[in-house]
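Okay, so here's the structure we're looking at.
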Amino acid sequence: MADAKREIERKYESDDSGLPDLTGVAGVANVVDKGTAELDATYHDTSDLRLASARVTLRHRSGGGDAGWHLKLPVAPGVRDEIHAPLSDELPDELAALARSRVREGRLVPVIRLRTTRDIRHLVDADGTLLAEVSVDRVRADRLFGGAGKAQWTEIEVELADGGDPAFLDKVEKRLGKAGVHPSKSASKLARALAETKGGKPRHPKTGPASPLTAGDHVMAYVRAQRDAIVELDPAVRLDTEEGVHDMRIATRRLRSTFRTFGRVLDRQVTDPIADELKWLAGELGVGRDQEVLAERLLAGLADVPPALVDGPVHDRLHHWAEASERGSRSRLLGVLDSKRYLALLDTLDALAADPPLLKAAAGNPEEVLAKAVRRDFAKVTDLIETGMAQPPGHDRDLGLHEARKKAKRTRYAAEAARPALGRPAKTMLKSMKSLQTMLGEHQDSVMARETLRELSAVAHAAGESTFTYGLLYGREEQRATAVEAGAPQAWESIKAEAPV
């Protein structure tokens with residue numbers, strides 16, 4: 001079984017003079033010598049270094065207190081999530097799966113071997129509690145693939161203790177700076193080893209003055225950002241981290257919306273089939289997720305009901321209903337992420353990003369082309385919401401407002417893509433559509449909650465249970481929807497007045 005932890009560390013250049021005195025760091029009562037460790041790590045990657053290009057490292061390491069396989073995923077500068085598996089000859093399946101969105105059908109090979117002599121110190125407070133581990137690492141690097149270069153260097157590494165305050169690292173860095181020790185230019189040992197064992201000096205192509213950005217440049221920047229989000233969120237979904245599924249689903253929606261909104265920039269004969277595959281992926285990501293969110297809403301509503309008005313095993317039935325959808329959905333989703341169809345979609349997105357199907361309008365002025373597309377989407381929102389509000393209360397109004405919500409979401413994503421080019425007008429539109437989406441989302445959630453309550457009430461009735469509480473919850477949800485509908489006309493007029501069209 002693999003274990004995951006968040007690693008917060010900083011690296012510094014060293015001139016072999018050893019570790020400066022750190023007893024003067026605020027909060028440090030003692031610097032404890034923990035001896036020396038000999039570490040031997042082999043880093044694995046594809047032949048074209050896909051992991052390294054994404055700042056991901058995968059290594060097999062012996063020696064020290066955490067020998068085994070380590071996969072490190074970037075979170076922020078100096079922050080990585082490390083997944084550790086026990087030492088074995090073969091890469092564990094779980095770590096292979098977490099790297100799959102980047103490796104895909106590629107083959108992992110040993111690329112770098114690092115042998116490190118590590119002198120370890122613990123910075124502890126007055127109670128002996130560990131604040132950070134500081135090490136002086138003397139590193140020898142050997143290239144194993146793509147050359148036979150060698151390199152060696154010494155560096156200082158400071159890793160924050162689990163649960164520690166990142167601000168403590170600032171204090172250590174200040175003390176190191178006073179001693180003439182400066183942050184490393186390399187983000188990791190692997191990055192430095194790859195750079196220094198390459199052989200020869202890297203050649204940098206000559207570049208002239210930057211050309212003005214076109215409409216196509218802005219649209220493709222947004223497309224590539226969403227492609228990157230899907231790939232980067234893949235491990236989070238596999239690890240079942242909070243909001244991982246939700247965030248990946250949003251990235252797929254943003255891409256689909258972009259293809260539709262900017263159909264005069266990107267050829268829809270090329271993007272429509274990709275959008276269909278993104279719709280499939282979003283649907284698979286939504287299996288169980290929508291019901292989970294709805295269950296949270298219903299259980300929260302039940303928690304607000306006075307105990308005297310909860311008649312029958314309503315709480316248990318809601319829990320069982322929620323768990324029924326959750327069972328099986330997890331394993332199904334993992335199967336999707338390992339499927340050839342999903343990996344082919346990622347390859348297709350890469351191909352699109354590398355060679356976009358640009359139309360004539362892509363070369364146009366972004367302020368004109370993008371603004372026109374956003375205005376076109378907003379006009380559709382206007383038509384849908386005003387038509388929906390004109391319907392009598394009931395199914396037709398519910399359906400109309402739901403369609404307006406979906407179009408508002410699409411317009412919001414269009415404004416996001418256009419914001420770097422349009423500035424404040426796009427920001428205002430984004431804010432307006434987000435507000436409208438939230439309001440109409442509350443209405444749609446109430447519609448779905450009432451449908452579910454009717455179904456659960458019927459099941460409870462068939463089981464001979466009281467349906468009183470289901471009716472009470474239904475009435476409260478109906479009141480929430482009525483309140484949204486009553487306030488919608490005024491809210492919409494305010495949004496229209498602010499929208500920069």
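With rounding to the nearest 0.5 angstrom, the CG atom of Leu294 is 7.0 Å from the CD atom of Gln291. Atom CZ of Arg260 and atom CG of Leu266 lie 14.5 Å apart (nearest 0.5 Å). Considering CZ of Arg80 and CD of Glu7, their distance stands at 5.0 Å, rounded to 0.5 Å. In this structure, CZ on Arg256 lies 11.5 Å from OG1 on Thr271, to the nearest 0.5 angstrom.
Within a 6.0 Å sphere centred on CZ of Arg419, other residues, nucleotides and ligands contribute 12 heavy atoms or fewer. Asp93 CG: 12 or fewer foreign heavy atoms inside a 6.0 Å radius. In this structure, Lys427 places its NZ atom where only 12 or fewer heavy-atom neighbours from other residues, nucleotides or ligands lie under 6.0 Å away. Within a 6.0 Å radius of CZ in Arg476, more than 12 heavy atoms belonging to other residues, nucleotides or ligands are found. Remark: Glu493 CD is packed, more than 12 non-hydrogen atoms of other residues, nucleotides or ligands lying under 6.0 Å away.
Using a 4.5 Å cut-off on side-chain heavy atoms (C-beta onward), Met220 and Leu358 make contact. Contact annotation: the side chain of Asp398 never approaches that of His402 to less than 4.5 Å [non-hydrogen atoms, C-beta and beyond]. With a 4.5 Å cut-off on side-chain heavy atoms, Leu58 and His70 do not count as touching. The shortest distance between side-chain heavy atoms of Lys174 and Asp170 does not fall below 4.5 Å. With a 4.5 Å cut-off on side-chain heavy atoms, Trp69 and His44 count as touching. Counting only heavy atoms from C-beta outward, the side chains of Glu157 and Arg10 never approach each other to under 4.5 Å. Residues Phe262 and Thr258 have side chains in contact (heavy-atom distance under 4.5 Å, counting atoms from C-beta outward). Between His315 and Leu302, the closest side-chain pair of non-hydrogen atoms falls below 4.5 Å.
Glu485 and Arg480 are not joined by a salt bridge, as no carboxylate oxygen comes within less than 4.0 angstrom of a charged side-chain nitrogen. A salt bridge links Glu465 with Arg317: at least one charged nitrogen is closer than 4.0 Å to a carboxylate oxygen. A salt bridge is defined here as a Lys NZ or Arg NE, NH1 or NH2 lying under 4.0 Å from an Asp or Glu carboxylate O, and Asp162 with Lys5 meets this definition. Classification of Arg104 and Asp350 as a salt-bridged pair holds, one side-chain N sitting under 4.0 Å from a carboxylate O. The pair Lys496-Glu386 meets the salt-bridge criterion, since a charged nitrogen lies less than 4.0 angstrom from a carboxylate oxygen. The residues Lys406 and Glu403 are annotated as salt-bridged, a charged nitrogen and a carboxylate oxygen being separated by less than 4.0 angstrom. Look at Glu9 and Lys11 and you find a salt bridge, because one of the NZ, NE, NH1 or NH2 atoms lies within 4.0 Å of a carboxylate O, short of that distance. Under a 4.0 Å N-O distance rule, the pair Arg238/Asp234 qualifies as a salt bridge. By the 4.0 Å N-to-carboxylate-O rule, Asp338 lies close enough to Arg100 to be salt-bridged with it. Taking 4.0 Å as the cut-off between side-chain N and carboxylate O, Arg249 and Asp290 count as a salt-bridged pair.
Using modelled atom types, one side-chain atom of Thr241 and one backbone atom of Ala236 make a donor-acceptor pair closer than 3.5 Å. Distance alone, capped at 3.5 Å, places no donor-acceptor pair between the Thr387 side chain and the Leu384 backbone. No donor-acceptor pair under 3.5 Å is formed between the side chain of His218 and the backbone N or O of Leu213. Checked by atom type and distance alone, the side chain of Ser466 pairs as donor or acceptor with a backbone atom of Phe468 at under 3.5 Å. Distance alone, capped at 3.5 Å, is enough to place a donor-acceptor pair between the Asp45 side chain and the Ala52 backbone.
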Evaluation steps, side chain to side chain contact (heavy atoms under 4.5 Å, CB included), between Ile83 and Asp3: CA-CA 5 Å; Ile83 299 90; Asp3 297 317; over 6 Å; no
Determine, step by step, whether Glu477 and Arg297 satisfy the salt bridge (charged side-chain N to carboxylate O under 4.0 Å, His left out) criterion, reporting the C-alpha distance in whole Å, the side-chain angles of both residues, the deciding distance to 0.1 Å, and the verdict. CA-CA 10 Å; Glu477 286 291 351; Arg297 180 185 179 99; 2.9 Å; yes
Which is it for Arg107 and Ser47 under the side chain to side chain donor-acceptor pair (under 3.5 Å) test, yes or no, and what are the steps along the way? CA-CA 8 Å; Arg107 186 170 68 91; Ser47 58; over 6 Å; no
Asp311 and Leu472: CA distance, side-chain angles, deciding distance, side chain to side chain contact (heavy atoms under 4.5 Å, CB included) verdict: CA-CA 10 Å; Asp311 194 2; Leu472 176 63; over 6 Å; no
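Side chains of Asp377 and Thr261: a donor on one and an acceptor on the other come within 3.5 Å.
Residue Tyr474 is tested with Arg454, Arg450, Glu451 for a side-chain hydrogen bond (donor to acceptor under 3.5 Å, both in side chains); the sole match is Arg454.
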